[in-house]
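See structure below.
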Amino acid sequence: MRLLITLLLALALLTGLGSYAHWIAQRPSSHYLSDLRSQVALDIGEPSTRGNLLGIQPELFAADYQSLARLRLKLAAYLDHARDQGMLNERTVVVLPEHIGTWLLAVGEKEELYRATERRQAMHWLAASNPLDFLGALLSAGSDARLDDAMLRTKAKAMARDYQQLFGDLARDYQITLVAGSIVLPEPRVERGRLEVGRGPLYNVSLVFDQAGNPQGQPQRHAFSAGALATRAPEALQVLETPAGRLGVLLGGTIEQFQAKAIDEAVELLAMPSDLDGLTDDADFTEQLQAHGIRAGVKVHLRGRLWERSGQSQALAFDAGRSERGASERGAQLINLWL
């Protein structure tokens, strides 16, 4: 009898493991109709040979991340609209919002992840469907919110690959300089033209891609807290040469986080990708940029709803000592500033 019970338990365990393995292997992609429309919220100045800063505030939802092709379709629709409006040329610098790359961790996951009402619940589904990768990530996770840290590491290599493929291809196909928002990765670096990850601390980073689709310089690193999804200001900004001028990229929050020395006087243009929420006082924004000698800049936010987090924040554009705020209406927006 004891042998029979042991055999039955072993059979039940094997059946359970087999069912779990089969569930992990399945990655169904359901039909999803996404809104590809966008409106021109700001169009400042007149077309010139000096180029333009074009901020895009996409309206994204969890289901937009079901596949790389689906996310590309949405971003390409916004760029097509901008091109139809005459806003794309060889000197255009396009700026996308913060964390647009971070949520690539949801690509190719279970339907339960996209239907979850809270991010933590969605991450539990991520861990359940990638058990070995999650356990490996847990070993490298930092002491700050270790489980949240591990979730963000679980698919880091695939995320880095997808980030470069998606945004590098868009930059090349539309012949633009593209500030690809940001992505959270462990110890990211560019080696031989490829975005690679390590096992060290998490950073919220942005890459800028040139018209050939290649990354410019190294990732602009910002220290990142996984538990609070909080980004800290870097000690200095990298200065990148673009067809429109010398560019710096500052993620998350406001310019007030900076020490004055952190912005090199060589920076002419400032891209400020921001997350789903957060506002900046127009007067303060203008005053701070002027104080650092920056000629023009745009701040763009992610819009839409990603699990329990949502927002429809207004963009800001700065030029020649004045700033303008974008429209408050819902939906994706284009923020254009002629230089």
Side-chain angles (χ1 to χ4, degrees), residues 32-48 51-66 69-89 91-101 103 166-167 170-171 173-182 244 249 252 269-282 285-286 296-306 309-320 322-339:
Y32 171 65
L33 183 62
S34 187
D35 187 352
L36 304 181
R37 296 172 297 176
S38 58
Q39 62 169 319
V40 178
L42 283 177
D43 189 8
I44 301 171
E46 298 295 330
S48 75
N52 58 312
L53 286 176
L54 176 65
I56 298 180
Q57 296 204 131
E59 187 175 47
L60 297 178
F61 301 89
D64 287 316
Y65 284 91
Q66 282 189 328
R70 181 171 289 174
L71 183 58
R72 180 196 162 90
L73 178 66
K74 198 160 195 177
L75 298 177
Y78 302 146
L79 288 167
D80 288 340
H81 185 198
R83 184 167 56 190
D84 292 343
Q85 298 296 312
M87 294 175 178
L88 295 188
N89 59 67
R91 291 183 179 273
T92 300
V93 176
V94 173
V95 183
L96 293 173
E98 186 180 17
H99 290 309
I100 193 170
W103 304 118
L166 174 62
F167 297 113
L170 285 172
D173 294 347
Y174 286 88
Q175 290 291 287
I176 54 175
T177 301
L178 181 61
V179 180
S182 80
V249 181
L269 311 173
L270 184 63
M272 297 180 69
S274 191
D275 201 4
L276 278 161
D277 45 23
L279 294 173
T280 299
D281 178 76
D282 290 24
F285 179 77
T286 302
V298 293
K299 181 176 184 179
V300 292
H301 300 262
L302 197 59
R303 291 183 142 211
R305 184 178 186 87
L306 293 169
R309 302 184 70 235
S310 63
Q312 295 288 336
S313 296
Q314 295 168 267
L316 281 173
F318 167 86
D319 181 53
R322 63 187 179 90
S323 63
E324 291 190 36
R325 189 184 292 277
S328 59
E329 288 85 355
R330 297 182 63 85
Q333 296 183 343
L334 304 180
I335 312 297
N336 187 52
L337 173 60
W338 293 103
L339 301 172

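Since the model is a prediction, treat every value here as computed from it, not as a measurement. Each residue takes its place number in the sequence, starting with 1. Heavy-atom basis, side chains included; hydrogens, waters and symmetry copies ignored.
Contact check for W103 versus D64: no side-chain heavy atoms found under the 4.5 Å cut-off. Between R309 and D275, some side-chain heavy-atom pair lies under the 4.5 Å cut-off. In this structure, I56 and L79 have side chains that are in contact, with non-hydrogen atoms separated by less than 4.5 Å. Counting heavy atoms from C-beta on, the side chains of L306 and Y65 come closer than 4.5 Å.
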Exercise. Can you check side chain to side chain contact (heavy atoms under 4.5 Å, CB included) on L339 and V93, steps first, answer last?
Worked result: CA-CA 11 Å; L339 301 172; V93 176; over 6 Å; no
Problem set entry | side chain to side chain contact (heavy atoms under 4.5 Å, CB included) evaluation trace for L54 with I176 | CA-CA 10 Å; L54 176 65; I176 54 175; over 6 Å; no
For this session: Show your reasoning for whether side chain to side chain contact (heavy atoms under 4.5 Å, CB included) applies to Y174 and V94.
Result: CA-CA 10 Å; Y174 286 88; V94 173; over 6 Å; no
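Separation of atoms CG (L53) and CZ (F318) is listed at 11.5 Å; rounding is to 0.5 Å. Going from atom CG of N336 over to atom CD1 of I44 covers 8.5 Å, rounded to the nearest 0.5 Å. Put simply, CG on L42 and CG on D319 are 11.5 Å apart, with the number rounded to the nearest 0.5 Å. Interatomic distance, Q333 CD to Q314 CD, rounded to the nearest 0.5 Å: 8.0 Å. Atom CE of M87 sits about 11.0 Å away from atom CG of L337, to the nearest 0.5 Å. Note that NZ of K74 and CG of L36 are 7.0 Å apart. Values are rounded to the nearest 0.5 Å.
For the 3.5 Å distance criterion, the side chains of Q57 and Q312 fail to qualify, holding no donor opposite an acceptor.
A salt bridge links D173 with R72: the closest approach of a Lys/Arg side-chain nitrogen to an acidic carboxylate oxygen falls below 4.0 angstrom.
Looking only at distances, a side-chain donor or acceptor of H81 sits under 3.5 Å from a matching main-chain atom of S38. Judged by distance alone, with hydrogens and angles left aside, the side-chain atoms of S182 form a donor-acceptor pair with the main-chain N or O of H99 at under 3.5 Å. The closest donor-acceptor contact from the side chain of R303 to the backbone of S313 lies under 3.5 Å.
S274 approaches P97 most closely through the heavy-atom pair O-CB, 3.4 Å. G326 and A41 make their closest contact through CA-CB, 4.5 Å (heavy atoms, listed as atom of the first residue, atom of the second, distance). In terms of heavy atoms, G55 sits closest to V300 at CA-CG1, 3.6 Å. The shortest non-hydrogen separation linking N89 to T92 is N-OG1, 2.8 Å. When all heavy atoms of G181 and P273 are compared, the pair lying nearest together is CA-CB, 4.2 Å. The two atoms that bring P58 and Y78 nearest to each other are CB-CE1, 3.3 Å, heavy atoms only.
Residue R305 places its CZ atom among more than 12 non-hydrogen atoms of other residues, nucleotides or ligands, all under 6.0 Å distant.
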